[in-house]
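Because the structure is predicted, anything quoted here is derived from the model rather than measured.
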Amino acid sequence: MIRGRLGVLVAVLLVVAAGVVAVRLLSGGDAPPAASSTDSGNDQRPSGPAQGTDGPAYDAALTPALSDPLEDSYYPDQGDPGIDTLHYGLDLTWDPEDTVLTGIATVDLRATTDAVDFQLDLLEALSVSELTVDGNRVDFDQDDDQLVVEQAVRADQRYTVVISYAGTPAPVPAPTTRSDFSTTGLTVTPSGEIWTMQEPYGAFTWYPVNDQPSDKALYDFTIRAPRQWVGVANGVLQSRRTNSEHTVTRWHLDAPASSYLTTLAVGDFVQTEDQSASGVPISYWTPRGEGDILRALRVTPQVMAWNEARLGRYPFSSFGILVVDSESGMETQTMITLGDTDYTLSDEVIQHELTHQWYGDLVSPTDWRDVWMNEGMTMFLQGAYEADRDGISIDQKLAMWAPFESQLRAESGPPGAYEAGEFGEGNIYYGPALMWNALRHRLGPPAFWAMVRAWPQVHAEGNATREQYFDWIEKETGQELTSFFDDWIMGTTTPPYPDEKRQT
C-alpha cells in the first residue's frame, strides 16, 4: 500500500506557520455462457475434497491454504472466523454496456467450529440466484453485504460451496480520514473498464469471500472480457483465447493469499514480457498506446535485483505490474496494481510494492491492528533503496522523515493502536521505519540484515501476530526488547531518535 498523488511530497517538510506538516500516505460483475472444454475456470481449481470424510482423505493440494481465522479486532463485521476458505474458483464475465458482473464462485472451505450456518461477505448489489453446498441447493439470506448460508457445518469438515450471482459492482466507503482516497473495492471507470484496490477490505465487492487477513486461500480465475479487451488477475496466465464475443483469460495463483491481496481488472491492456536477472518471469499490463508507462516499468528487474540481494530470492513463481486509472498503488500478490501517475510509476513505488511481496504477502498480519508490520519494514527498505540510489546513507534518508513522526502519531495514534476510522495514515509507516533503523544501530548491521532476510520465511505463506514477531526477534538476537518495541509501537509519543549527525 502506498500513497496517492500527494505522496510524491512525502520526503519534503512543508514549513507552515509554526509547525511542520507531513503529507499523508495512501495505503498501501446474466449467467456466463455455458462452459466448454476450453472456456471454463472450474477445471483449473485443485480437485475438490472428498466430501463427508475426515482430514486425511482431503485433497493435499489445498493443504497450503489451511488457516486459523480469527475475528478481526479492528473490523469485526468483515469475515467469519467459523470458516477457513481454502480455494476460490472464480468464473467472471464483465458486461461494460450494462455494467453487470456475472459470477460463479466455487469455494472450498473448512468449518472451524460446529455451527448451524456460516457466512461470506458479498456486496448486496451482487444478487445471488443459486447456492449449493456439496451439490445440494440450500437456503441463504443476503442482506447488508453479508451472505448467510443456512447449512449446518461440523468442525474440521470440508465443504464445496457454489454461488451464482450477478449485479452492478461498486466500491464501498473506506475506514479512513485521508484526503487521497475514500472508497475501497471494485471501481467502474467512465469508459466501462474495471479495476480494484481493497485494503483493509473490499474484495466482497466482486466475489463472495471471507474478507479478513487471517484467512488465506488459493485462487483460480476465468475472466470473460469484451472481445477487444482483456481480463487480468493474480498469478500465472495459463491461457488466453478469443471467441466471437469475449477474450477469455485463465489465471492460477499457486500460493495462498489474503483476500485484500487479490486483484481484477478488465480493460484495453497490452501485455509485455520481461525477466529478472534471477530468472523470475515478469509481465507488464499497460493501457494501450501508453509507451511512457511501459518505459517507466522497465526498471523492475533492477529493483528486483536490489531486493533479492537483501531479502533473498523473490518468493513467488511470477511477478507482474498492472497499471490502472488510479492515483494509488497496492501490493496485490504477484501482480501489483499501480495507478498511472508519475509518482505511482516511480522506481521507489515499484520497489515499495515489490518489497511487500515478502513483507505483507508472503507473511501477512493475522489482524489489522498489525498493519504496521507490513508498512514499517517496507517503508524502511524503501528508505534504504532511495538512499542507495541517491548516494546517501540510510541515516541521512530517514532523518528526513524523523521530524514529522510525532505529529503523525499525535494525529492518528500509535502505530499499533491507531484509530479504526483512520486506516492507512502515515503513523503506520514512518514510526515503524524509524524503529527498524534504531534497531539496526542497536543490533549492528550484520545481525539486523540477517533478521530482515529471515523473518518472511518463518511464517511463509501464512500469518503472524506482533507477539510472534517480537518473540522471534528476541530469540534470534538474544536481546530483551520488550520496552523498545512497546515504546515505538504503542507509545503515544515518539521515542528518542538520534540526530542524523550523531549516527553512522
Side-chain angles (χ1 to χ4, degrees), residues 1 27-28 65-86 88 107 109-113 115 117-123 144-149 171-178 181 183-185 196-217 256-262 330-333 356 359-376 412-425 427-428 432 459 461-470 489-490:
M1 179 175 64
S27 358
L66 289 170
S67 305
D68 293 308
L70 299 174
E71 182 175 277
D72 193 76
S73 65
Y74 268 73
Y75 309 109
D77 291 341
Q78 305 303 135
D80 180 359
I83 60 172
D84 168 22
T85 58
L86 305 175
Y88 294 89
V107 185
L109 61 85
R110 176 183 66 90
T112 64
T113 186
D117 58 27
F118 62 91
Q119 70 181 43
L120 293 162
D121 303 297
L122 182 64
L123 188 72
D144 196 25
D145 299 337
Q146 300 292 335
L147 175 64
V148 178
V149 181
V172 296
T176 187
T177 58
R178 294 165 51 127
F181 80 108
T183 60
T184 178
T196 186
M197 296 185 197
Q198 53 207 26
E199 189 179 17
Y201 51 74
F204 71 85
T205 61
W206 54 285
Y207 68 99
V209 58
N210 200 22
D211 208 358
Q212 58 168 306
S214 63
D215 186 4
K216 290 191 171 185
S258 298
S259 57
Y260 79 97
L261 297 172
T262 58
M330 186 64 204
E331 63 266 25
T332 40
Q333 189 163 312
H356 271 311
Y359 279 87
D361 294 14
L362 183 62
V363 56
S364 308
T366 299
D367 189 286
W368 280 122
R369 72 180 185 133
D370 289 330
V371 62
W372 67 268
M373 289 168 54
N374 291 0
E375 299 300 344
S412 304
Y418 62 91
E419 296 294 330
E422 299 187 23
F423 182 85
E425 302 289 350
N427 60 327
I428 66 170
H459 291 271
E461 300 188 351
N463 300 81
T465 65
R466 69 180 66 170
E467 291 81 9
Q468 291 171 311
Y469 200 5
F470 295 158
I489 299 304
M490 299 300 292

> What do the steps show when you test Leu261 against Glu199 for side-chain contact (heavy atoms from CB on, under 4.5 Å), and what is the final call?
Replying inline: CA-CA 8 Å; Leu261 297 172; Glu199 189 179 17; over 6 Å; no

>> Working note: Thr262 + Gln198, criterion side-chain hydrogen bond (donor to acceptor under 3.5 Å, both in side chains); need CA distance, chi angles, decisive distance, verdict.
In response: CA-CA 8 Å; Thr262 58; Gln198 53 207 26; 2.8 Å; yes

> Taking it one step at a time, do Leu66 and Leu86 satisfy side-chain contact (heavy atoms from CB on, under 4.5 Å)?
Replying inline: CA-CA 6 Å; Leu66 289 170; Leu86 305 175; 3.8 Å; yes

> When you look at Ser259 and Phe204, which way does the side-chain contact (heavy atoms from CB on, under 4.5 Å) test go after all the steps?
Replying inline: CA-CA 9 Å; Ser259 57; Phe204 71 85; over 6 Å; no

>> Under the criterion side-chain contact (heavy atoms from CB on, under 4.5 Å), I'd like the reasoning laid out for Val209 against Thr85: C-alpha separation, chi angles, the key distance, then a yes or no.
In response: CA-CA 8 Å; Val209 58; Thr85 58; over 6 Å; no

>> Run His356 and Glu375 through side-chain hydrogen bond (donor to acceptor under 3.5 Å, both in side chains) and show every step you take.
In response: CA-CA 8 Å; His356 271 311; Glu375 299 300 344; 3.1 Å; yes

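Here Met197 contributes atom CE and Thr183 contributes atom OG1; the two are 11.0 Å apart, rounded to the nearest 0.5 Å.
Looking only at side-chain heavy atoms (C-beta outward), Tyr74 and Pro200 stay at 4.5 Å or farther from each other. In this structure, the side chains of Tyr88 and Val107 come closer than 4.5 Å at one or more pairs of heavy atoms. Side-chain contact between Asp367 and Leu70 is absent, with no heavy atoms from C-beta onward closer than 4.5 Å.
In this structure, Asp144 contributes its side chain and Gln146 its backbone to no donor-acceptor pair below 3.5 Å. Tyr201 places no side-chain N or O within donor-acceptor distance of the main-chain N or O of Thr184, the cut-off being under 3.5 Å. Within the 3.5 Å criterion, the main-chain N or O of Pro69 finds no donor-acceptor partner in the side chain of Asp215. A donor-acceptor pair under 3.5 Å is formed between the side chain of Asp121 and the backbone N or O of Asp211. Between the side chain of Thr176 and the backbone N or O of Glu422 there is no donor-acceptor pair closer than 3.5 Å. With hydrogens and angles ignored, the 3.5 Å screen pairs no side-chain donor or acceptor of Gln78 with any backbone N or O of Pro213. In this structure a side-chain-to-backbone donor-acceptor pair under 3.5 Å is present from Asn210 to Ile83. With Asn463 contributing its side chain and Pro365 its backbone, the two residues share a donor-acceptor pair below 3.5 Å. In this structure, Asp370 contributes its side chain and Arg466 its backbone to a donor-acceptor pair below 3.5 Å. Within the 3.5 Å criterion, the main-chain N or O of Ser67 finds a donor-acceptor partner in the side chain of Asp84.
Aromatic ring pairs are classed by plane angle as parallel below 30°, tilted from 30° to 60° and perpendicular above 60°; the pair Trp372 and Tyr469 is parallel.
When the side-chain hydrogen bond (donor to acceptor under 3.5 Å, both in side chains) test is applied to Asp72, no partner is found at least two apart in sequence or on another chain.
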